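Worksheet for the structure shown next.
As the structure is a computational prediction, the values presented were derived from the model and not from experiment.
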Amino acid sequence: MPTREPVRPPGRAHARMPAQPPARIPARRSTGDVLAGLAALVVLVALVGGVPYALLMFVGPPLGPQLLDLDLLTSRVGPSTITAVLVLLVWLAWLQLFACVIVEVYAGVRRVGMPARVPLSGGTQWLANRLVSAVLLLFTVGAAAVPIARLGTPPPAPPPMTTVAFSASVVEQPLETQRSKKVYVVQPPHGRHHESLWEIAEKCLGDGRRYPEIFRLNQHKEQPDAARLRMADLIRPGWVLDMPDDARNVHVVPARQPRAETLREHPGRATTSPARVGAEQQQAVEKKHGKHEAGETRDTRRGPADQQRPAEDQRPAERQAPAEQRPGLELVEYLAGASLAAAGLLAALGRRRRAQLWRRAFGHRIVRPRDDAAEAEVALRLGADAPGTRILDVGLRLLGAELATTGRTPPTVYAAHLSPRNLDLWIHPPDGDAPAPWAAQDGGQVWRLSAHEGRLLPDSGENPLGGAPYPGLVSLGTDASGRVLIDLEAAQGLINIRGRQTTAALAALAVELATNRWSDRMRITLVGFGEELTAIAPDRIRAVGGLAEVLPELEATAAPRQEVLTGRITGRPRDAHYLLSAVTPSHDEARRLALLARKDTAGYVVTGDVPHATWTLEITDDGKAKIAELGFEVTAQLLPRRHYQALVALFRTAEQLDGEAIPEAEPLADYGLPAVEVRMLGPIEIVGLDPLEEGRMALAAELLVYLATHPGGVHPVVLGGVLWPRGVQPMVRDATIARVAAWLGKRHLRIDEAGRLRLGPEVRTDWALFREMVRRSHGDPTARAVLLERALGLVRGPLLSGRPAGRYSWLAADELEYDVTAGVADAAHRLCEIRLAHGEPDAAVAAVRAGLLLAADDEGLWRDLLRATHATGDLVRLRAVVEALTRRAGSHAYGGGLAPETEALIDELLPSWRLHVVRESTA
């Protein structure tokens, strides 16, 4: 099979870097150093200048007349020719030495650390390094006079101690004496970009190749999170790294300062001061108010005011910590990185939420997730790759359909690579005849579907032959260019998984297999782990304690590969079955599994040292996944225990059908026209302000929406964690807040004494106005219908529709989305009942349709629409509603069909509807 060398970013292959450190210039020079430097200078001059002079004087130029003779290749070789060749070799050796000297001089003068490597010059460059290092000592002696010249001037005043963020933009520090040392605080990730030692060395030392110096200075030292640096490519945000003396863009601390004190003073946290407010001013405010809100009674059970959350902000307590230190950040990084699994999990969660909406009671919202479960959904929304899952689903189904029409058996696809540009299938044996729109590459070893072609393909529901030919494709991990998947069935034998993180890797495989879109019928058996995962997909996942419980069944249902593949694309599929075992099999169990795997079309992944394995999947301690047989080495997709427990908690929440009471709305102080209105009940609109430039408007609007829906105030650090879930540099956060402040003006954006950002009273949302109208309708029966009608008139479409992809992921952990959906549906339901009671069915229909603009998945509203339409007496109109409802249920992205209560109501109002639906489908 062809192999593929994974693409690695520069500086990642640490094990291959030379271990020898670059020569460094010591701070003090002895007499021996000076004599050695003089001797080295003489030797360098002799080698660089004397050797070519002697060669020119005594033996001639590099290319003598003997070598320029065109008859050299056909005539006999004499002594003169041999001498000329030897002279040329001596010249080449000198030229190699000269190149090494130039490289070493450049590295030493510029202080770039690890010099460039001259090819085939190991020993020669080592000699040049030693000579140049000794000579450079002579030319840096003059630097010793600089401190003496400064003795007569007073020392500069030390900078004031302020509580500010430590970031990569700290100004370059002057040359320090031996009484201090330099440290660097690892920055939080920016998007999906994480800092590495290579980048830190490049930023602070001028050359990324000097990263081993930083590694050696910090190896095994304890960090703020109690972890230690053990591998050069495993560093975390907030770690404090000791730096070489010539580092720039760093912090300076006393050289004798204990490690524990350094960690306390440089925790790597973002500043807690509000935007454009100095740390001293913030400290003065806290001192003045005793670190609690003015006018409040101090509660000794709670922390300082800038760490409390307002009553309106019911977010998890982790939100009050800086984004880069929140426990949820780890959830975000793991779960958002599993982009295909995230998309599948969201689809499965959506099906559960539909069932919750079927049972939702009036005045209640569906139960929303909290704590780790909420953070897990934030991560899923942030990382889900819906376009990627669609291309995999539609592209593979179309491939199977095209092969079926020509009577061809699908090839063995042992791996796939999904990038923003292409979907590549690595097949065996090579086949240059790929059906369109697929194209053969690399001599038929790769079948490629471009992302552009994939986006144009129709959905699988429109293709009757679109069976899923490769349901066993599952993510192994990611490389620099995209996501690598392997087909568990393609091994045609056991897959042996090894390493200390095998259970986390098996859990990741199980979750993606159970929720992927590119499969139809599947059974997954988990052995010795993952019983909780059955909550995610109970129809697909089962957990058993040992292999003995399932081996007889597996042996009884084995089926040959060609028969299964052909059946999948011709409409006669069998269940795909995958066994993932965290239990090492006994000798007899391993033998039976090996025999079974060779004849069965299934996937068997077994931990432990298992003989007769076809592939060996190694999960290294640093999170890499390697399959030597395929030549893969990628960053592994893992699901540690805490993470899948968070997913389980999320799905357990979606099983609760009773719901939660919707909290009462606070009275709106000003019912008049606001100066600035934030419209959310439909497409996002900001009324009353001049628009910002297009590239900045989306983020500014999200910031404004969050502040407007949290009137109790939001601390800038909390706001940073909301808008940038993966972390953000304080300067970026504060610049964004400052830009929005300038856009709104001091009148509309304020900073209270606790450092929280609050909007002024003249900024209002259409949701706040909606709730106020509904609240007033409760106490005024005569105007109830009018107020509800006006409230529903504010609804223009789905909540915050048209929002950019990847933004507003915080909605998953906020009550806003749940309250708005339930509130709008309840208002429409109440108005529908009022209109029907007054004999106004057409007005009742209009009320329900207004609610469906936003709460289209609320099945109770559809039942209201059926009753209201039936009340009009127009059977044609009623049949049109039934057809639209059944068509929508059949093609819903989350599936699930109709709620039983809805079907029963249709049977009551239109008994012949099922016959009509059958006729439509057969036609």
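- Ionic pairing of Arg641 and Glu532 is present here: one or more N-O contacts between side-chain nitrogen and carboxylate oxygen are shorter than 4.0 angstrom.
- Atom CG of Leu551 and atom CD of Glu589 lie 6.0 Å apart (nearest 0.5 Å).
- Each of Leu506, Thr607, Val606 was scored for a side chain to side chain contact (heavy atoms under 4.5 Å, CB included) with Leu580, with one residue passing: Leu506.
- Judged purely by distance below 3.5 Å, without hydrogens or angles, the side chains of Ser586 and Asp588 never pair a donor atom with an acceptor atom.
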Discussion item. With side chain to side chain contact (heavy atoms under 4.5 Å, CB included) as the criterion, how do Lys624 and Thr635 come out once you've worked through the C-alpha distance, each side chain's angles and the decisive distance to 0.1 Å?
Written reply: CA-CA 5 Å; Lys624 300 292 184 183; Thr635 300; 3.5 Å; yes
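- Heavy-atom minimum distance, Ala613 versus Asn496: CB-CB, 3.6 Å.
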| message | Walk me through whether Trp438 and Leu423 qualify under side chain to side chain contact (heavy atoms under 4.5 Å, CB included). | response | CA-CA 9 Å; Trp438 293 82; Leu423 169 60; 3.7 Å; yes
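- In this structure, the separation between CD1 on Ile536 and CG on Leu349 is 10.0 Å, given to the nearest 0.5 Å.
- Within the 3.5 Å criterion, the main-chain N or O of Ile214 finds a donor-acceptor partner in the side chain of Asn218.
- In the displayed structure, Glu531 atom CD is contacted under 6.0 Å by at most 12 heavy atoms of other residues, nucleotides or ligands.
- Salt-bridge check for Arg397 with Asp520: passed, with a basic side-chain N closer than 4.0 Å to an acidic carboxylate O.
- In this structure, Trp426 has its ring center closer than 6.0 angstrom to the ring center of Phe632.
- Atom OG1 of residue Thr412 and atom NE2 of residue His428 lie 7.5 Å apart, to the nearest 0.5 angstrom.
- Remark: side-chain polar atoms of Arg390 are not paired, donor with acceptor, to backbone N or O of Arg517 under 3.5 angstrom.
- Within the 4.5 Å cutoff, side-chain heavy atoms of Leu399 are placed close to those of Tyr470.
- In this structure, Leu513 and Met522 have side chains that are in contact, with non-hydrogen atoms separated by less than 4.5 Å.
- Under a 4.0 Å N-O distance rule, the pair Arg652/Glu655 qualifies as a salt bridge.
- Asn422 and Ser450 get closest at one heavy-atom pair: OD1-CA, 3.6 Å.
- Smallest separation of non-hydrogen atoms from Ile619 and Ala636: CD1-CB, 4.4 Å.
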#### Entry: Verdict with reasoning, Thr614 to Gln492, per side chain to side chain contact (heavy atoms under 4.5 Å, CB included)
CA-CA 7 Å; Thr614 305; Gln492 300 183 33; 6.0 Å; no
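- A pairwise comparison of heavy atoms in Ala376 and Leu647 identifies CB-CD2, 4.2 Å as the closest pair.
- Residues Ala507 and Tyr644 come closest through the heavy atom pair CB-CD2, 3.9 Å.
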- Message: Checking Leu456 against His452 for the side chain to side chain contact (heavy atoms under 4.5 Å, CB included) test, could you report, in this order, the C-alpha distance in whole Å, the side-chain angles of both residues, the deciding distance, and whether it holds?
- Response: CA-CA 7 Å; Leu456 299 178; His452 171 71; 3.8 Å; yes
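- Summarising the geometry of Gly395 relative to Leu449, their closest heavy-atom pair is CA-CD2, 3.9 Å, with the distance given to 0.1 Å.
- Ion pairing of Arg542 with Glu553 is present here, as a side-chain N (NZ or NE/NH1/NH2) and a carboxylate O approach within less than 4.0 Å.
- In this structure, Gln356 contributes its side chain and Thr653 its backbone to a donor-acceptor pair below 3.5 Å.
- Taking a cutoff of 4.0 Å between a charged side-chain nitrogen and a carboxylate oxygen, Arg353 and Glu377 qualify as a salt bridge.
- Taking 4.5 Å as the limit, every side-chain heavy atom of Val527 sits out of range of all side-chain heavy atoms of Pro585.
- Remark: the Tyr211 side chain and the Glu199 side chain contain no N/O donor-acceptor pair separated by less than 3.5 Å.
- Partner of Ser475 under the side chain to side chain contact (heavy atoms under 4.5 Å, CB included) criterion, out of Leu418, Asn516, Leu485: Leu485 alone.
- For the atom pair CZ of Phe651 and OG1 of Thr534, the computed distance is 12.0 Å after rounding to the nearest 0.5 Å.
- A donor-acceptor pair under 3.5 Å is absent between the side-chain atoms of Trp518 and the main chain of Leu396, judged by distance alone.
- Rounding to the nearest 0.5 Å gives a distance of 3.0 Å between OG of Ser481 and NE2 of His417.
- Residues Val511 and Leu533 meet the side-chain proximity criterion, which asks for heavy atoms closer than 4.5 Å.
- Pro437 places a side-chain heavy atom less than 4.5 Å from the side chain of Leu398.
- A 4.5 Å side-chain heavy-atom check between Asp372 and Gln645 finds every atom pair outside the cut-off.
- Residues Leu554 and Thr525 are not in side-chain contact: their nearest non-hydrogen atoms beyond the backbone lie 4.5 Å or more apart.
- Salt bridge annotation for Arg483-Asp385: absent, with no cationic side-chain nitrogen under 4.0 angstrom from a carboxylate oxygen.
- One finds the CG atom of Leu526 at 11.0 Å from the OG1 atom of Thr503 (value rounded to the nearest 0.5 Å).
- Residues Gln637 and Val474 form no side-chain contact, since every pair of their non-hydrogen atoms from C-beta on lies 4.5 Å or further apart.
- Here the side chain of Trp447 pairs a donor or acceptor atom with the backbone of Asp431 at under 3.5 angstrom.
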